[in-house]
Structures are given as C-alpha cells and as structure tokens.
Number of protein chains: 2
Amino acid sequence: MVDTTTDAPPLGHEVLAAVLQVRAGSLQVLLWERAMEPHAHRWSLPGGRLRLDEDVEHSIRRQLKEKVDVRQLAHVEQLAVFSAPNRVPGPRLVASAFLGLVPSDNDPELPSDTRWHPVDDLPLTAFDHEAIVLRARNRLRAKLSYTNIGFALAPPRFTVSALRELYSAALGYRVSATNLQRVLSRRGLLEPTGDTTRPGRAGGRPAALFRFTEPSMQVTDPFAVFRPPAAKPS
Amino acid sequence: MVDTTTDAPPLGHEVLAAVLQVRAGSLQVLLWERAMEPHAHRWSLPGGRLRLDEDVEHSIRRQLKEKVDVRQLAHVEQLAVFSAPNRVPGPRLVASAFLGLVPSDNDPELPSDTRWHPVDDLPLTAFDHEAIVLRARNRLRAKLSYTNIGFALAPPRFTVSALRELYSAALGYRVSATNLQRVLSRRGLLEPTGDTTRPGRAGGRPAALFRFTEPSMQVTDPFAVFRPPAAKPS
DNA sequence: GCAAAAGTGTTACGGTTACACCCATGG
DNA sequence: CCATGGGTGTAACCGTAACACTTTTGC
C-alpha cells in the first residue's frame, strides 16, 4: 500500500512503433529484418530503449528518426503496454507500443534491412510484434470513422478519388467517393483549395483539389448514444 | 537500429489504477492519503511496483487486492503510459495507468487511509494522478456510449430507473430512462429477469428487474461512419 | 379516486447510404 | 459526340430524442 519499495528490479523499457502508410493501394507497415539472434531473420518493429531523460513519446520519435524522417510522421499516438514477462527472451523488457502514420506522398529513404510490408500479408515477425501491428491497424480503422485522422494518410492536397483510395486501402473495403466527400465536408474537415488537376489521357472532368482544414488529430464525431440534452434555442 | 543495448538504466515501472464507482449519485474514485514524503497528505491512486514475474494487468489486480476485493472489480482496462522523466521525484518511474470499475452494490471495506472521492471534486492529489483520474473518467464516458460497459457499474439485477441514475452520474448529465431502456434493449444488452420490485410507500407501478446479458465488455456500436457495404439479401 | 412511478406508442429529427443524374474534358 | 472520370441532387433508411399516454401500485 505504501510505496516502500526495495531496489528497482532489473526491468527494461522499450518503445516500439507500428508505422503505417498506404502504398500501392494497400496499408503497409515498416519492419526491419533482424540480423542477429534472438529471432534472427524475423521482421521487427522499429524502436529501442527508453532513455532516462525522455518520455515515451519523445523516445519513439527519436528512434524513428533512423528509419523515417520525423517530419514525415504526421501522427503518433500510444497504443498500449505489452508486458508479458516472457514476451522477449532474456532480461525482462516492457514495451510501450505506438501507432505512427506517414502521408502517402512521402517515400522515405530506408536502411537496407528495412522494408514496407502489407499489414494483411505480414512476413514472419519477431516476438509479439504482429499483435502490435494488428492493434495499430484496428486503431487506425476505428479512428478513420470518428476523427479527422485521414489527414495523416493524405498528401497536403488531394482529389476526392485519391482520398477514396486511401480510405479504402486503410479500411479494407470499398468506400464511396460521393459520400466520403459529403461526410468530411459537412463536418468541416475538408475544404477545396480552388485548384484542379489535369485529366489523364482518357479525358474526364478535372478533379478539384482538397485539403484537410486541421493539421492535427481531432475527434469530430463524439458518437455518443446518450447525448447531453440539446441546448434549447431562445 | 539494432538493439545493442548497454546495461539497463535504473528505471522502475509502477502500475496505478483509477478505480471508479457510482456512489451516492456521483462518480467517485478510490484514493489513499500519503502518510510520508514525497507529497505527504496528498491523495494518491492505488498501485505499486511491477514485479518481474507478472504482466501489468496481473500486477494491478494483485495490488488492488489490498484495497478492494478483486471479485468486486467488474472491469479493468489499460489507459495509457505516463512517462514524463520528472513525474515523480527521485529515481525514474514509468507508470502504466488503468481504469477499474466496481458495481454500485458493492461497498468494500477500506483501509483507514483510503477513501472514495467524487471525480469532479478531487482533493489535492499526488504527482500526475489527477490527469490519470480524468483520463479514466473520459474513457468510461466514451465507452458507455458504444459498449456494454454499464454492466460494470450496475448490480446483477436492477431497475431501469436505477440504471438511469448510474448512467446519469457517470456521464454527468441527465439521461432519459425511456430511451436508455430502448437503446440497450434493442442492442440486446439488457434482458428482463421476470421479477419486479415492490413499490415504495408512495405507491407507483412495480419496476421490472433487468440484467445485462453479457458479463464482459463488448463493443456493441461500431459507430463506423464509413461502413462496409451492407450484405445484400440474395 | 388520486398521486406516483414505470413502461409503451408515436412522431420528429439528424445523419448516412444509395443511386440517378448532371458537368467538364480528351480524343 | 462519345467515352471517361468528377461532382451534385434526391430519396430512402436507420437510429435516437422527445413527449404524450397508458399501466400498476399505495394511500
């Protein structure tokens, strides 16, 4: 009850991130191939040890610098703690897992051991990293519905059909461009830039370019079933 | 990139829980008063050090045993990691924070330094514990809308108006008993037991007793704006 | 019979889906 | 002028909110 503690047990803390991006029409995650044991040749999430002078958010951003230019990370958020005593061989290591998102117009230079993999077709992964990837995917899918998190998958300017491709890839099913535009516009998340694209060789009406109005994540649809009573006018 | 780590830094890990219960018409949280420095006489969340042989979920349940009979904890879930380097004085300590829920018909024996406090009228709290309590409250409020988490606030059997009191206290605004019953029933979360209560001295129709159909938390309203296309009936 | 409390019926409303239709461009 | 891709209008649908009304009890 009182925190009279003995000396700290030999317990380490690592931070790991499932960095997701829509590439080639599918949602992909950044993994690196382990060269050494344990779990040599398995694919692993980027991350590393928490330092003494940083919090976990700072730590994961620092460690991701080695893989992805941090400016390309449009969004980072905590997922959960993974703490099974035997989750990694050797000394006890607790992991704080994160979701990271990279807009689709970025194609960062990667170290040679690092590659993007579709989240629905993962290679053999190390430790509990597959569970973390799935958690990240599910979190992203849920938040696409009730937040403006699409901004973190999309380029600064985009057509509605391009945005539709991004949402479809991330959600795993076909989304209607018509309704996507309407829902996001009504909520005030999307605004036209005024510019348009050139049609391709096949012709067609030039598409208007849109942008997200907010540059950071916001909950836009509180989805409360039991809402607070409406403020009465007059 | 490769996890060639030096020896583990002196970093501790604690688990903390905001245990919530609706008491006397308000949402309250279990806190204990610190006897010693640091932050003597401030109020603190229950919890303690993570042991080497347990994961964080196991740890928080173990530590809560000293405050609340574990059988009375109807629901426990992770909230987030709190890891600011200076969040507590002295050696570095990272905290895994949890939400715990106790049904309103339980009134556990408490140690003498421990007491329930309304979450909207907290005493002076220790460290970053107030932020954790607020996070727990917000999580509960959100989940009341799209999950069956009400089961963890309610007794095994209850009247709709009793349930209304619980939801109102937890959400912080008046909920309509009429619609509460309808929404939960339509979703199949609530079922009548067949029994009724006796009316009070003032008379009135005897209330039917209901129960939740599921004993564990389930997401019942996926609140997806961009829903998967409906399966067409033949 | 009257007041009190519980529960049901009904309508209104807001938001999303589905789909037909109109618009703009290249060949 | 036709094919192609982009965008809008409109109606149906679904679920919740609001509120009147009925039911069942004690006094």
Side-chain angles (χ1 to χ4, degrees), chain A residues 144-146 157-168 171 173-210 219-233, chain B residues 144-147 150 157-168 171 173-210 219-233:
Chain A
L144 282 173
S145 276
Y146 67 94
R157 293 149 35 100
F158 47 83
T159 65
V160 172
S161 39
L163 191 64
R164 192 256 297 251
E165 299 299 328
L166 295 175
Y167 272 71
S168 297
L171 290 170
Y173 53 79
R174 210 93 193 122
V175 172
S176 147
T178 298
N179 296 324
L180 180 63
Q181 178 185 9
R182 238 195 298 255
V183 168
L184 297 183
S185 296
R186 179 162 19 76
R187 292 184 179 169
L189 306 189
L190 222 54
E191 68 186 5
T193 62
D195 296 333
T196 55
T197 55
R198 270 192 202 306
R201 284 129 188 75
R205 177 171 170 175
L209 287 168
F210 291 81
V219 173
T220 57
D221 193 44
F223 58 78
V225 174
F226 309 110
R227 297 185 201 122
K232 296 211 174 173
Chain B
L144 281 173
S145 275
Y146 67 93
T147 72
R157 292 148 37 100
F158 47 84
T159 66
V160 172
S161 40
L163 191 63
R164 193 258 294 254
E165 300 298 328
L166 295 175
Y167 272 71
S168 297
L171 290 170
Y173 53 79
R174 210 93 194 123
V175 172
S176 145
T178 298
N179 295 325
L180 180 63
Q181 178 185 11
R182 237 193 301 252
V183 168
L184 297 183
S185 296
R186 179 159 20 75
R187 292 184 180 169
L189 306 190
L190 222 55
E191 67 185 6
T193 62
D195 297 334
T196 57
T197 54
R198 269 193 203 304
R201 282 129 191 75
R205 177 171 169 174
L209 287 168
F210 291 81
V219 173
T220 58
D221 194 43
F223 58 79
V225 174
F226 308 111
R227 296 194 248 284
K232 299 210 172 173

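All figures in this text were calculated on a predicted structure; none of them were measured in a lab. Quick note on labels: first sequence line is chain A, next is B, and so on, each numbered from 1.
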Determine the contact category for A:Arg187: base if any of its heavy atoms lies under 4.0 Å from a base atom, sugar-phosphate if only primed atoms, P, OP1 or OP2 are that close, otherwise nothing. sugar-phosphate
Base, sugar-phosphate or nothing for B:Ala208? Non-hydrogen atoms, less than 4.0 Å. sugar-phosphate
Can you measure [X] atom [atom1] to [N] atom [atom2] for me and round it to whole angstrom units?
X        : N      : atom1 : atom2 : value
B:Leu171 : D:dA17 : CG    : C1'   : 15 Å
B:Glu165 : C:dA5  : CD    : P     : 12 Å
A:Asn179 : D:dT8  : CG    : C1'   : 12 Å
A:Arg182 : D:dA11 : CZ    : P     : 13 Å
A:Phe158 : D:dG7  : CZ    : P     : 12 Å
A:Arg198 : C:dA24 : CZ    : C1'   : 14 Å
B:Leu190 : C:dG7  : CG    : P     : 11 Å
A:Leu184 : C:dT17 : CG    : P     : 11 Å

Donor-acceptor pair, distance only, cut-off 3.5 Å: does the side chain of B:Ser168 make one with the backbone of B:Val175? yes
Keeping the roles fixed (side chain from B:Thr193, backbone from B:Leu209), state whether a donor-acceptor pair exists under 3.5 Å.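 Yes, because the side chain of B:Thr193 sits within donor-acceptor range (under 3.5 Å) of the backbone of B:Leu209.
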Return yes if the base of D:dT23 and the side-chain atoms of B:Arg205 contain a donor-acceptor N/O pair under 3.5 Å, otherwise no.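 Flag set: donor-acceptor pair detected.
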I want to check one thing: is the phosphate of [N], taken as OP1 and OP2, less than 4.0 Å away from some side-chain N or O of [X]?
X        : N      : answer
B:Thr178 : C:dG7  : no
B:Ser176 : D:dA17 : no
B:Gln181 : C:dT8  : yes

Closest approach of A:Pro206 to A:Thr197 (non-hydrogen atoms, all atoms of both residues):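 Closest heavy-atom pair between A:Pro206 and A:Thr197: CB-O, 3.1 Å.
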Which atom names give the shortest non-hydrogen contact between B:Asn179 and B:Ser176, and what distance separates them?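 Shortest heavy-atom contact: N-OG, 3.1 Å.
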Would you mind reporting whether A:Phe210 and A:Asp195 have side-chain heavy atoms less than 4.5 Å apart?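 Counting from C-beta outward, A:Asp195 and A:Phe210 never come under 4.5 Å.
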Of the listed nucleotides C:dT17, D:dA17, C:dG7, the one nearest the side chain of A:Val183: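 Ranking C:dT17, D:dA17, C:dG7 by closest atom to the A:Val183 side chain puts C:dT17 first.
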If you pin A:Leu180 and A:Pro206 to their nearest nucleotides in DNA chain C, which one's is more 5'?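 It is A:Leu180 whose nearest nucleotide is closer to the 5' end.
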